[in-house]
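This report refers to the structure that appears directly beneath it.
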Amino acid sequence: MTTLFITLHIIVTILLITIVLVQEGKDPGMRGIAGASSSESDSFFSKNTGRTKKAFMIKVTSTFAVLFLITTIVLVILTASI
């Protein structure tokens, strides 16, 4: 049983790290030089924030963070009972 959760924990950890690294930062980067604001309040996507790639990535990151927390707690409980 412990081996199963260790394997699951490693998979969730690798996926969480990958998802976090794929996300874009909030820094405007080169757009900041031209005077563009970092907020995208005037774009079309600001009206549909629930359907953007950014919103999807936030949901996926939150899901994997919760899975990471759950697998960590289960592993602590399993190893404490040994």
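Please read all numbers here as calculations on a predicted model, not as lab measurements.
- Here the straight-line distance linking atom CG of L67 with atom CG of L15 works out to 9.5 Å at 0.5 Å rounding.
- I58 and V12 sit in two unconnected hydrophobic clusters of ILVMFWY residues. Membership requires side-chain heavy atoms under 4.5 Å apart, directly or through other members.
- The CZ atom of F64 lies 14.5 Å from the CG atom of L69; values are rounded to the nearest 0.5 Å.
- For residues 62-75, the set of pairs meeting the side-chain hydrogen bond (donor to acceptor under 3.5 Å, both in side chains) definition, not counting sequence neighbours, comprises H9-T71.
- Atoms CD1 and CG, from I73 and L78 in turn, are 12.0 Å apart once rounded to the nearest 0.5 Å.
- Hydrophobic cluster of I17: the remaining members, joined at side-chain heavy-atom separations below 4.5 Å, are L21, listed by chain and number.
- Hydrophobic cluster membership is shared by V60 and V22, with clusters built from Ile, Leu, Val, Met, Phe, Trp and Tyr side chains linked at under 4.5 angstrom.
- With rounding to the nearest 0.5 Å, the separation of OG1 in T2 from CD1 in I77 is 12.0 Å.
- Separation of atoms CD1 (I10) and CZ (F5) is listed at 13.5 Å; rounding is to 0.5 Å.
- With sequence neighbours excluded, the residues satisfying side-chain contact (heavy atoms from CB on, under 4.5 Å) with T61 are L16, I19, V20, Q23.
- Heavy-atom minimum distance, I14 versus T18: O-OG1, 2.8 Å.
- Put simply, CD1 on I6 and CE on M1 are 12.5 Å apart, with the number rounded to the nearest 0.5 Å.
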